[in-house]
Amino acid sequence: MCFFKEKSIVRFVVLLYFTLSITISSGANTISANQSLSGDHTIISEGEQFELGFFKAGNSSKYYIGIWYKKVSSNPPTIVWVANRETPISDRFRSELKIIDGNLVLLNESKSKIWSTNVTTTTTTTLKPATVVILDDGNLVLRDYGSNSVEPIWQSFDHPTHTWLPGAKFGYDNRTKKNQVLTSWRSKDDPGVGLFSFELQPSSNEYVIKWNGSHQYWITGAWNGKTFDLLPEMRLNYIYNFSYHTNENESYFTSSLYNPSIISRNIMDVSGQVQQLTWLEATKEWNLFWSQPRTQCEVYALCGAFGSCSQSGLPFCSCLTGFKPRSETDWNQSDFSGGCVRKTDLQCGRNMEKADFLKVTVKSLPPNKSMAVGSAGECSTTCLNSCSCNAYFFVDNECSVWDGDLLNLSEDNDSGKTIFVKVASKDLPHHKKTNWVTVGAVVGFVGGVVFLSGLIVLLIYNKKRISLSVRKTRMEGSLVSFVYKDLQIATKNFSDKLGGGGFGSVFKGVLHDSSIIAVKKLESISQGEKQFRSEVSTIGTIQHVNLVRLRGFCAQGNNKLLVYDYMANGSLDTHLFHGKQVLNWETRYQIALGIARGLVYLHEKCRDCIIHCDIKPENILLDSEFCPKVADFGLAKLVGRDFSRVLTSTRGTIGYLAPEWLSGVAVTAKADVYSYGMVLFELLHGKRNAEASEDSRSKYFPGLVANVLMDGTDILSVLDSRLNREACVEQVTKICKVACWCIQDEEERRPTMSLVERILEGVLDVDMPPIPQICQYNYL
Ligand SMILES: *[C@@H]1O[C@H](CO)[C@@H](O)[C@H](O)[C@H]1NC(C)=O
Ligand SMILES: *[C@@H]1O[C@H](CO)[C@@H](O)[C@H](O)[C@H]1NC(C)=O
Ligand SMILES: *[C@@H]1O[C@H](CO)[C@@H](O)[C@H](O)[C@H]1NC(C)=O
Ligand SMILES: *[C@@H]1O[C@H](CO)[C@@H](O)[C@H](O)[C@H]1NC(C)=O
Ligand SMILES: *[C@@H]1O[C@H](CO)[C@@H](O)[C@H](O)[C@H]1NC(C)=O
Ligand SMILES: *[C@@H]1O[C@H](CO)[C@@H](O)[C@H](O)[C@H]1NC(C)=O
Ligand SMILES: *[C@@H]1O[C@H](CO)[C@@H](O)[C@H](O)[C@H]1NC(C)=O
Ligand SMILES: *[C@@H]1O[C@H](CO)[C@@H](O)[C@H](O)[C@H]1NC(C)=O
Ligand SMILES: *[C@@H]1O[C@H](CO)[C@@H](O)[C@H](O)[C@H]1NC(C)=O
Ligand SMILES: *[C@@H]1O[C@H](CO)[C@@H](O)[C@H](O)[C@H]1NC(C)=O
Ligand SMILES: *[C@@H]1O[C@H](CO)[C@@H](O)[C@H](O)[C@H]1NC(C)=O
Ligand SMILES: *[C@@H]1O[C@H](CO)[C@@H](O)[C@H](O)[C@H]1NC(C)=O
C-alpha cells in the first residue's frame, strides 16, 4: 500500500513539473526557447503536412523523436526523419525535447542529453533566443533569431536519415567536407542505422549504394546534364523534376514535384534497394514507383552469412540446408543481416562433430576465397581438416577455399557454379547413421538387394512411362497442368531463352507431339498454389485471335510456369527497333488495329474486365503471318501486390506507364489506352520514345508529332525514315491523332479501346487532339 502511495505522489510531482514547463499549444509549429515537447504533444507544420513528436517503432516499447506525414493515413504513420535513431527512450512523458544553449536537445528520463543538434554556439547566440520550426516540406529548422541571418543554423534536411524528400538537397558539402548519407533502418520496426547506405561519391559525381559502409553494389553513373548515365529512365519520371548542381562549395542533387499535390518520397529501404514511393489515397497505400537495384538478389549480402537469396518465391532469403537463422525474431521481421549459423556447431577440436559437404549451385562465387593446392579429393580433405574452412570450390584443377563467412549467395540451379559447404553430417538430408553392427548385416543382404533393386528399377521405369503420358493429358478446365520435369525436358533444361522481363524469363520448348511452346518461368510470385491455379484457369478461358493462347501451366512448390503457343516472329520490339527487315506501313497499321482488337476483348468482352497493365512492344507477339497477339495479360492479378513493384523496376517499362500509376487514383482500363498510345508513336517512328529523346538535339517524339499535327505541316515527315515516305497520308494522320488522344493526362479525355478500334477501322472520324501534357514538360 505504502509503496503505491509513494509512487503516485512521485507521479503527481512529475506531472506538475511538466505541466508547468510545457507551453506548446496544440497545433503550434514551433518550439520556442522556453518551451519543451514531451509525452503525446506534437508540433504540426502550418499547412498540416508534417508532424513532429514521439513515435513508437513497431511492437517495442522504445520511443523516438521523429517527423511523419500528417496527411498520410498509413498505419503506422510514415516516418521521414528520426532524431535519436540509436538512443531510444522508454518513457516519453518523462523525456523532453527542448532548446538548450541554442541547440535542440533530447533529454531522457533522467535528464541526460541523449541527442543534440550539436551546433557550436557562439557566446552571443546564448543570449538571443533560438526557435525550432517544422515546415510544410518536412524540414525541421533551428533558427537563431538573435542574428539577422535568415539561414538556419541547423536543419533536418542537412541530416537525412533514410528518406530524401522533394526540396531537400542531397549531396556533399565541400566546405565542411561532410557527405549526406541515407541509411536504411535496421528492420521495419527498428529505425537504428542498418547496413545499407546511399550517398554521393564526390570524386566522380556518381551516387552509390553500399553495404556496411564499404562494399559498393550499385552505382548511378555520372550526371550527363539530364540524367545519370546508367539511369536513362530518369528522364521519363514525370513526377520529379530532378537536377544536379556542382560548384566549388557543394555538389548536390535536388528535386521538386511537377504536381505539388502528389505525395512522394525516396528512401533507402531495409531491402537494400533505393525506392521511390507515391501515396495512393484511393487504396491508402504507398505505391512503389521505382526501385534499384532492379532485382532483390542483386543487393549484396542481403541474406547475411550462409543465407541464400532466391528471386523466385517469397520470402527472398532462406538458410542453406543444415543452417538456421542466427536470430529467428530478426529473420521473421525481414531483417536478414544476421544471416544463418549451423544447426549443429562443428566443435572444431577434440569433440569434433562429423562433417560433410553440402552441394550448392550459386550464380556467382562468394567473395573472399583463397587458393589451396591439390586435386579434387585433396581439396575436399584440406577443407574438412581445417577448422576455419567453411567451403571449397574445385574447377579447372584449381582448389579454392573459404575461411570466412559465405556471403552473397544466390542459388541458381540452371547455370550456376557448384560449391561445397561444410555442414554437420547429421544435418544433411539422406544422412543415415551407420555403425559396425548394422554394416555387417547390410553386407549380408547386398546380394539380395541388388536383385531386388533391379526389379524395382524396372517397375519404376515402366510406371514412369505410363505416368508421363497420363500427367501430360491432365486437364484443368481448358488448360494442361504440366509436370515440372516434363517442361524441363521440353525446354532442354531451360537452355533456349527467348526473352526475359520483370516477371521471369521465357524459354523455347518442344512437346512430344512436336508442337513448339514458349515457357514462362515466373519469379517473385507470392501466391500459394491454390490461388495461382484459380487465377490461371481464369486466364485460360480467354481466347481471341489477337491474344496469345495459354496452353497450360505448372505449379509445383516454388516453381510456377506458364506455357504458351510459340510465336514464330517473336516480339514487336525486335522488328521495330532491332530488325533488319523493315515492317512496311500496311503491316504496321494492321498491327495497330490487331492490338486494339485484342485490348477491346480484354477490356470489354471477357467476363471480368482485364486490365493488362503492361502494354509495350515486348508484350506484342507476332505469328508467322505478322498477326499481332497480346501476351502476358492477366499477370497483374497473378502476381498480385508485387506487380507494380516489378513493373516499375523493369528497365524500359516506365515510358509506357500512365500518370495515374503515381497520382493516387485507381488504375483503370484507360491506363492500357495510354500505353497503347505510346506504342502507336513507336510504330510510326521505329524508335523508342524514351531512347530517341536521349539525344539532346532531338525533341521528344510525341511532342514533335503533336506539333506537326497542330501546324498542319508535312505529316509524313514524322514517319520512320526507313519507310521512305511510303505510306497512306490519311492513315498516318489518323494514327498520329489517335496516339495523341491516348496519351492525354486526364483519363476521361482518352478514348476507350473500342472507340480506337472503330476509328482505325474507318467507321468513325477523329478530331484534332489537344497537346498532351507530357509533351509540354521541358525536361524531355
Ligand atoms: C518565455 O515564455 C513567455 C510566455 O510564454 C514569453 O513571454 C517569453 O518571452 C519567453 N521567453 C523567451 C526567452 O522566449
Ligand atoms: C505485440 O506485443 C503484444 C504484447 O507484448 C503481443 O500480445 C502482440 O502479439 C504483439 N504483436 C505483434 C504483431 O507482434
Ligand atoms: C539516460 O541517459 C544516460 C546517459 O546515456 C544513461 O546513463 C541513463 O541510464 C539514461 N536514463 C534512463 C532512465 O534510461
Ligand atoms: C553530438 O556530439 C556528441 C559529442 O561530440 C556525440 O557523442 C553525438 O553523437 C553528437 N550527436 C549528433 C546528433 O551528431
Ligand atoms: C560491418 O563492418 C564492421 C567493421 O567495419 C564489422 O565489425 C561488422 O562485423 C560488419 N558487419 C557485418 C554484418 O558483416
Ligand atoms: C525544374 O527545376 C528547375 C530548377 O531546379 C527549374 O528551373 C525548372 O523550371 C523546373 N521545371 C519544371 C517543368 O518545373
Ligand atoms: C573543394 O574545396 C577545395 C578547397 O577546400 C578545392 O580545392 C576543390 O577544388 C573543391 N572541390 C570542388 C569539386 O570544387
Ligand atoms: C562559395 O562560398 C563562398 C564563401 O561562402 C562564397 O563567397 C561563394 O560565392 C560561393 N560560391 C558559389 C559558387 O556559390
Ligand atoms: C518466426 O516465424 C515462424 C513461422 O512463421 C514461427 O513458427 C516462429 O515461432 C517465429 N519465431 C519467432 C522468434 O518469432
Ligand atoms: C553478389 O551476387 C550477385 C548476384 O549473384 C552478383 O551479381 C554480384 O556480382 C555478387 N557480388 C560480389 C561482390 O560477388
Ligand atoms: C573480405 O575481404 C576484405 C578485404 O580483404 C575485408 O575487408 C572483408 O571484411 C572480408 N569480408 C569477409 C566477409 O570476410
Ligand atoms: C535448387 O535445388 C535445391 C535442391 O534440389 C532446392 O532445394 C532449391 O530450392 C533449388 N533452388 C532454386 C532457386 O530453385
Side-chain angles (χ1 to χ4, degrees), residues 57-61 85-86 169-190 192-217 220 222-225 228 243-254 268-272 299-310 313-320 323-343 366-369 388 390-391 402-410 526-528 557-558:
N59 209 11
S60 69
S61 55
R85 289 184 83 168
E86 296 291 0
K169 290 177 179 177
F170 176 46
Y172 175 73
D173 191 327
N174 195 25
R175 290 160 297 196
T176 58
K177 306 287 173 213
K178 282 241 166 66
N179 209 5
Q180 285 168 342
V181 184
L182 298 185
T183 44
S184 62
W185 283 25
R186 210 169 279 136
S187 75
K188 285 194 175 65
D189 292 339
D190 183 351
V193 175
L195 280 175
F196 305 108
S197 59
F198 185 47
E199 65 193 79
L200 178 67
Q201 200 167 273
S203 56
S204 62
N205 289 341
E206 295 170 285
Y207 285 84
V208 297
I209 311 184
K210 289 180 182 172
W211 172 84
N212 202 15
S214 55
H215 183 86
Q216 169 198 318
Y217 61 90
T220 57
W223 180 255
N224 59 26
F228 289 101
S243 54
Y244 184 71
H245 306 265
T246 179
N247 61 40
E248 76 255 34
N249 293 337
E250 52 184 351
S251 301
Y252 62 90
F253 195 40
T254 188
M268 178 72 247
D269 189 57
V270 288
S271 65
V299 173
Y300 181 74
L302 175 73
C303 303
F306 304 104
S308 164
C309 188
S310 162
L314 299 168
F316 294 106
C317 288
S318 58
C319 288
L320 292 177
F323 289 79
K324 59 169 197 242
R326 185 185 297 272
S327 158
E328 204 178 343
T329 322
D330 290 349
W331 198 268
N332 281 5
Q333 284 172 0
S334 302
D335 173 9
F336 305 113
S337 58
C340 308
V341 292
R342 287 189 180 83
K343 283 181 183 156
N368 290 13
K369 63 179 193 296
S388 60
N390 280 318
W402 283 268
D403 283 343
D405 290 344
L406 292 183
L407 288 175
N408 199 38
L409 299 173
S410 204
S526 46
Q527 284 190 347
N558 264 348

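Whatever order the structure lists them in is the order used to number ligands and atoms, beginning at 1. Numbers here are sequence positions counted from 1. Computed from a prediction, not measured in an experiment: that's the story for all the values here.
- Salt bridge Arg186/Glu86: present, at least one basic N to carboxylate O contact under 4.0 Å.
- Between Val341 and Arg326 there is a side-chain heavy-atom pair separated by less than 4.5 Å.
- Closest protein heavy atom to atom 1 (C) of ligand 7: Asn174 ND2, 1.4 Å.
- Ranking protein heavy atoms by distance to atom 11 (N) of ligand 5, first place goes to Asn212 ND2, 2.9 Å.
- Checking atom 4 (C) of ligand 9 against the protein gives no heavy-atom contact under 4.0 Å.
- Considering only non-hydrogen protein atoms, atom 14 (O) of ligand 7 sits nearest to Glu248 CA, 3.2 Å.
- Considering all non-hydrogen atoms of both residues, Pro367 and Asn408 come closest at CD-CB, 4.3 Å.
- With respect to atom 9 (O) of ligand 9, the closest heavy atom belonging to the protein is Glu328 OE2, 4.2 Å.
- A salt bridge between Glu250 and Lys169 is present, with a side-chain N of the basic residue lying under 4.0 Å from a carboxylate O of the acidic one.
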*Output, in order, the C-alpha distance, side-chain angles, deciding distance and verdict of side chain to side chain contact (heavy atoms under 4.5 Å, CB included) for Cys309 and Cys303.*
CA-CA 6 Å; Cys309 188; Cys303 303; 3.7 Å; yes
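- Within the listing of ligand 7, atoms 14 (O) sit less than 4.0 angstrom from a heavy atom of Asn247.
- Per-atom contact check: atom 7 (O) of ligand 9 does not touch the protein, criterion being a heavy-atom distance below 4.0 Å.
- Geometrically, ligand 9 and Asn332 share a nitrogen or oxygen pair separated by less than 3.5 Å.
- Taking the six-membered ring where the residue is Trp, Phe196 and Tyr217 present perpendicular rings, their angle passing 60° and hence far from 30°.
- Inter-residue side-chain proximity for Cys319 and Pro325 is flagged as met; some heavy-atom pair is nearer than 4.5 Å.
- Residue Lys177 approaches ligand 7 through these ligand atoms, each under 4.0 Å from one of its heavy atoms: 1 (C), 2 (O), 5 (O).
- Atoms of ligand 5 found under 4.0 Å from any heavy atom of Trp211, numbered from 1 in the order shown, are 14 (O).
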